[in-house]
Amino acid sequence: MKRILKTSLGACAVLLLGVHLAVAQSDPTAAANGYVNAPHNWQMWFPAAGSPIQAHIDWLMKYVLWIMAGVVGFVGCLMGYAMFRFRASRNPVPGRVTHNTVIEVIWIVVPTLLLAVIIIPSINLIYFEADDSNPYMTVTVTGHQWYWEYSYNSVPGLDYTSYMIPDNQLKPGELRRLTVDHPLVLPIGKKIRFNITSSDVLHGFYIPSLGVQRYAIPGTILTSWTEIPKAGTYYGQCNQICGTGHDAMPIEIKAVPMADYLAWVKTAVANYTANTVPSSPLSSSPQLSSPLPHNQFADAAPGAASPR
Amino acid sequence: MSSTTQHPEIAHGHAEHGHAEHGHAQQSFVRRWLMSTNHKDIGTLYITMAVIGACVGGVLSMIMRSQLMYPHNTIVTSGEEWNAIVTAHGLIMIFWFVMPALIGGFGNWFVPMMIGAPDMAFPRLNNMSFWFLAMGFIFVMLGLLVGHGAGAGWTLYPPLINMHYSPGVATDFSLFSLHLAGISSLLGAINFIATILNMRAPGMSLHKMPLFCWAILVTAFLLLLAIPVLAGAVTMLIMDRNFGTSFFEPSGGGDPVLFQHLFWFFGHPEVYIMILPGFGIISHVVSTFSKKPIFGYLGMAYAMVVIGFVGFVVWAHHMFVSGISTDSRIYFEVATLVIAVPTGIKVFSWIATMWGGAIEFKTPMLWAMGFIFLFVIGGATGVVLANAGIDQILHNDYFLIAHFHYVLSMGAAFAIFAGFYYWIGKMSGHQYPEFWGKVHFWTFFIGVNLTFFPQHFLGLAGMPRRYPDYADAFAGWNFVSSVGAIISGLSTLVFFYILYRIFSSKEALADNYWGEGATTLEWVVPSPAPHHTFEDVPVIR
């Protein structure tokens, strides 16, 4: 039993080293025009973090996963050693030890401490995710069978639908099952709150690269928030079974510089009555000449809603 | 505690070998199998049900993996059809494979024998339990096959399951099948509790009872407390669908989230219902093949009690993105993580049981080793998912699918196979072919790992569950996963060959064919176990 103890101490040391390495790692992505944050084939980890929430999730995930990898490795080593050392051909006479109070206390106390080590940073993340106060703007997201509807709370009348491009209408460069006709357009560098609801069944508003996921539930509004530092295209999908078209209502987000965003809002509002929503703000290059104050489309009363 | 705690020794008066075939020889087929009141015959019926359920559920999973092998596949022709398959796969694997195999099957066969009882406390109730389940299977199949099928997922979330979004009787059939399976489980649970609490042989105190009986006892209490909640929730769904109530309908003042609370108040204990009997089996197998009594018997027994208790107060970790409050998320995260401690006690005690033993790697032991290691992996990803903050991104994606298949497709299923190879000689009187048992293990081990390990990557990359078609970027790992599924499927053919070998074998078996390591009461009766065991009450010293 002393052997178990020694091995476990060794494993703890290895594990702490692993955690340290994981924490030291960071992923600053270089700015580029037309940045696309989409899943890629043979991907083995989270998408590059597109928001502070996702960066925090990514960090905590590595932290917890390294600890758990240590646990799995430790148990695997113990099992492997026991299977090798105590196989019948090598150890034909079995021992009779069935109790050892010290070891039994250790394997209650050590896992409990490990859990405490996990819980403390984890609770920080929960509060961080829940803090949707003082957003720059709020978008009401409504799930429908099978499309999304985006309504900009601070821009009267700006409310449009977003459908997936069907496979047979895809143009070159568009991503099958991810590209939509009218993406959600958001300014970069601003805190954005989503008020998420549904008009029919449950849907899931799920954008992995931005760290956002809430069910869209009829009769209820759930909130979530994000902030996108980097201009580009981000993708998500419906993540709660909602009927035949469950896999055919992706989410596409175009994050653009504030000036572009304001220009887009102008065209979008102007064109809304004609029922033609411009779909590709990145392709146009609006000038900074539209002198709209930055807070014109901000929420009237920031921080009004509390996390549910 | 004395060293005889877990494995009581027989003083005198054990089974009467002379009575071996007495009792059922003159029974007709109908009387023996359709009106059975014998715990062994009913156990056999349950195991047969489990084999049928596993085949149907397995064929459905093969269809799903075929569809997902390549993006833009059209093997499954519509989303409705896909959703019906997904729903039926979940329901059948849980209610008509894992539960009948572990509880109705091995529980019926071995709990009375292990506690030295002549039969279950209520033999006719036992018969009713089985036939409710069999009728339930007919209804769940109707739910799959009638019209477009029931397609709201096994979690049955409204409003999708409401009549407006899921018209047709298929969904009602599936809901009713849950009522039947629920009644079956409830009656079975009452029977097990009465049997274990009242019919133990003289001298067998609860603290000397074999761990498999402890596992079934805890499981039975979980069923007793969880199934009525499911029954209530399902009844409310049926009312909402057919009688115009609005329990879960927002326009009538109801709340879809209320259903999620009710469902998971049942659903989370349900996952322990599926794994605790497996824990019991693994304890016996590890002890037998290490030729050592189980390490820390009392800790093992009460770890299961604690898991069962805490399992009732963690349900909303399935609802981290359903809008529960920040403080609730923290509470349910912490409570969930607490379960890792008693689970750790079990894992370390199994390893400590092996420590110092003389381990023989017969087929049941291979399955038990596979169980422990893969269950630890599934437990590790469970600890990851329990973090409400991380779950915000992993909820409902393939990381979750990988996690729960590691604890079910590798946990519960490996425990079922461990129990099967461990006890088949006792049940049938014929031993399995060792070589083919090992082939079955290794092919299944490789197959399921290849199927489910890459799904962790898919989940991290953001692939949602219940998608019949996916973005092209998910193609690579989905292909690997499907190849793994094909290997697992072929491995199952090996299992059927083993069944053929067992039932065509002429070889006779000793009472205790595992030798010194196997010390529970089922090993003192002949193989196969006679129709009636313990006509004289055994006395435990």
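We use all heavy atoms of the structure for the numbers below, so side chains are in, but hydrogens, waters and symmetry mates are not. First the proteins, then the strands, lettered A, B, ... as listed; each starts at 1.
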Closest contact, heavy atoms only, B:Gly462 versus A:Pro208 = CA-CG, 4.0 Å

For the residue pair B:Asp397 and A:Tyr206, confirm or rule out a side-chain donor-acceptor distance under 3.5 Å.
-> yes

Might you work through the side chain to side chain contact (heavy atoms under 4.5 Å, CB included) test for B:Tyr297 and A:Thr98, ending with a clear yes or no?
-> CA-CA 8 Å; B:Tyr297 163 81; A:Thr98 55; over 6 Å; no

Contact class of B:Phe320 relative to chain A, heavy atoms under 4.5 angstrom = backbone

Basic-acidic side-chain contact under 4.0 Å: B:Asp472, A:Arg177 = no

Given that the side chain runs from C-beta out, which part of B:Phe289 has a heavy atom under 4.5 Å from chain A: side chain, backbone, both or neither?
-> neither

Scanning both residues in full, the closest heavy-atom pair of A:Leu202 with B:Pro256 reads CD2-CB, 4.4 Å

What part of B:Glu81 gets closer than 4.5 Å to chain A, counting heavy atoms only: side chain, backbone, both or neither?
-> neither

Do A:Met68 and B:Val376 touch side chain to side chain, with heavy atoms closer than 4.5 Å?
-> no

Which atoms of B:Pro464 approach chain A - backbone, side chain, both or neither, heavy atom under 4.5 Å | both

Are A:Cys238 and B:Tyr467 close enough, and set up right, to give a side chain to side chain contact (heavy atoms under 4.5 Å, CB included), and what steps lead you there?
-> CA-CA 10 Å; A:Cys238 176; B:Tyr467 267 32; 4.1 Å; yes

B:Met369 versus chain A, the contacting section by heavy-atom distance below 4.5 Å | both

Angle class for the A:His99/B:Phe295 ring planes (parallel below 30°, perpendicular above 60°, tilted otherwise)?
-> tilted

Any donor-acceptor pair under 3.5 Å linking the side chain of A:Asn91 with the backbone of B:Gly357?
-> yes

Output the option from A:Arg87, A:Arg176, A:Gln43, A:Gln240 having the highest count of non-hydrogen pairs under 4.5 Å with chain B.
-> A:Arg176

Between B:Glu80 and A:Thr244, is there a donor-acceptor pair closer than 3.5 Å when you use the side chain of the first and the backbone of the second?
-> no

Output the distance between atom CD1 (A:Ile106) and atom CZ (B:Phe348), rounded to the nearest 0.5 Å.
-> 11.0 Å

Between B:Pro468 and chain A, which part of the residue has a heavy atom less than 4.5 Å away: side chain, backbone, both or neither?
-> both

Charged N to carboxylate O below 4.0 Å: is that the case for A:Asp247 and B:Arg466?
-> no

Given a strict heavy-atom distance threshold of 4.5 Å, which part of A:Ile108 is in contact with chain B: side chain, backbone, both, or neither?
-> both

Among A:Asp58, A:Val93, A:Leu178, A:Val75, which residue forms the greatest number of heavy-atom pairs with chain B at distances under 4.5 Å?
-> A:Val75

Where do A:Gly95 and B:Lys292 come nearest, in terms of heavy atoms and distance?
-> O-CG, 3.1 Å

Given that the side chain runs from C-beta out, which part of A:Leu210 has a heavy atom under 4.5 Å from chain B: side chain, backbone, both or neither?
-> neither

Kindly indicate whether the side chain of A:Phe205, heavy atoms from C-beta on, has any atom under 4.5 Å from the side chain of B:Val321.
-> no

For A:Gln237, is it the side chain, the backbone, both, or neither that has a heavy atom closer than 4.5 Å to a heavy atom of chain B?
-> both

What are the two closest non-hydrogen atoms of A:Trp107 and B:Ala352, and how far apart are they?
-> CH2-CB, 3.9 Å

Options A:Pro111, A:Gly243, A:Ser89, A:Pro92, ranked by heavy-atom pairs under 4.5 Å with chain B, top entry | A:Gly243

Could you check B:Gln392 against A:Arg214 for side chain to side chain contact (heavy atoms under 4.5 Å, CB included), going step by step and ending with a plain yes or no?
-> CA-CA 8 Å; B:Gln392 177 150 324; A:Arg214 280 292 177 275; 3.3 Å; yes

Any side-chain heavy atom of A:Val64 sitting closer than 4.5 Å to one from B:Ile390?
-> yes

Heaviest contributor of heavy-atom pairs below 4.5 Å to chain A, chosen from B:Gly153, B:Ser349, B:Gly379, B:Ala475, is B:Ser349

Check: A:Tyr81 ring centroid to B:Trp355 ring centroid under 6.0 Å | yes

dist A:Asn239:CG -> B:Arg465:CZ (nearest 0.5 Å) comes out at 8.5 Å

Cut-off 4.5 Å, heavy atoms of chain B, and the answer for A:Pro218 is both

A:His40 ring center near B:Phe474 ring center (under 6.0 Å) | no

Part of A:Ser224 within contact of chain B (heavy atom distance under 4.5 Å) | side chain

Taking the side chain as C-beta and beyond, is there a heavy-atom pair between B:Phe373 and A:Val72 under 4.5 Å?
-> yes

Using a cut-off of under 4.5 Å for heavy-atom pairs, which of A:Leu65, A:Ile53, A:Asp167, A:Thr112 has the most such pairs with chain B?
-> A:Asp167

Of the non-hydrogen atoms in A:Glu104 and B:Gly296, which two are nearest, and what is the gap between them?
-> OE1-CA, 4.1 Å

Go through B:Ala358, B:Gly79, B:Pro250 and name the one with the most non-hydrogen pairs under 4.5 angstrom from chain A.
-> B:Ala358

Assess whether side chain to side chain contact (heavy atoms under 4.5 Å, CB included) is satisfied between A:Tyr215 and B:Met319, documenting all intermediate values.
-> CA-CA 9 Å; A:Tyr215 282 176; B:Met319 301 166 57; over 6 Å; no

Flag the pair B:Val338 / A:Leu115 as yes when at least one side-chain heavy-atom distance between them is below 4.5 Å, and no otherwise.
-> no

Student check: side-chain heavy atoms of B:Ile359 and A:Phe84 closer than 4.5 Å = no

When rounded to the nearest 0.5 angstrom, what is the spacing between OG1 in A:Thr220 and CG in B:Asp255?
-> 5.5 Å

Smallest separation among heavy atoms of B:Gly389 and A:Glu129, with atom names = O-OE2, 2.7 Å

In terms of heavy-atom proximity below 4.5 Å to chain A, should B:Ser251 be classed as side chain, backbone, both, or neither?
-> neither

Under 4.5 Å from a heavy atom of chain A, the part of B:Pro158 involved = backbone

Toward chain A, the part of B:Val384 with a non-hydrogen atom under 4.5 Å | both

Between A:Ala38, A:Ser122, A:Ala69, A:Gly219, which has the largest tally of heavy atom pairs under 4.5 Å with chain B?
-> A:Ser122

Relative to chain A, which segment of B:Tyr157 carries a heavy atom at a distance below 4.5 Å: side chain, backbone, both, or neither?
-> side chain

Structural part of B:His148 lying under 4.5 Å from a heavy atom of chain A = neither

Heavy-atom distance under 4.5 Å between the side chains of A:Gln145 and B:Leu160, does that happen here?
-> yes

Could you state the interatomic distance from CZ (A:Phe128) to OG1 (B:Thr326), rounded to the nearest 0.5 Å?
-> 13.5 Å

Side chain, backbone, both or neither of B:Ala152 within contact of chain A (heavy atoms, under 4.5 Å) | backbone

Given A:Leu125, A:Ile123, A:Ile57, A:Ile241, the one with more heavy-atom pairs under 4.5 angstrom with chain B than any other is A:Ile241

Are A:His246 and B:Trp82 close enough that some pair of their side-chain heavy atoms sits under 4.5 Å apart?
-> no

One should read off an interatomic distance between A:Tyr127 OH and B:Arg329 CZ, to the nearest 0.5 angstrom, of 10.0 Å

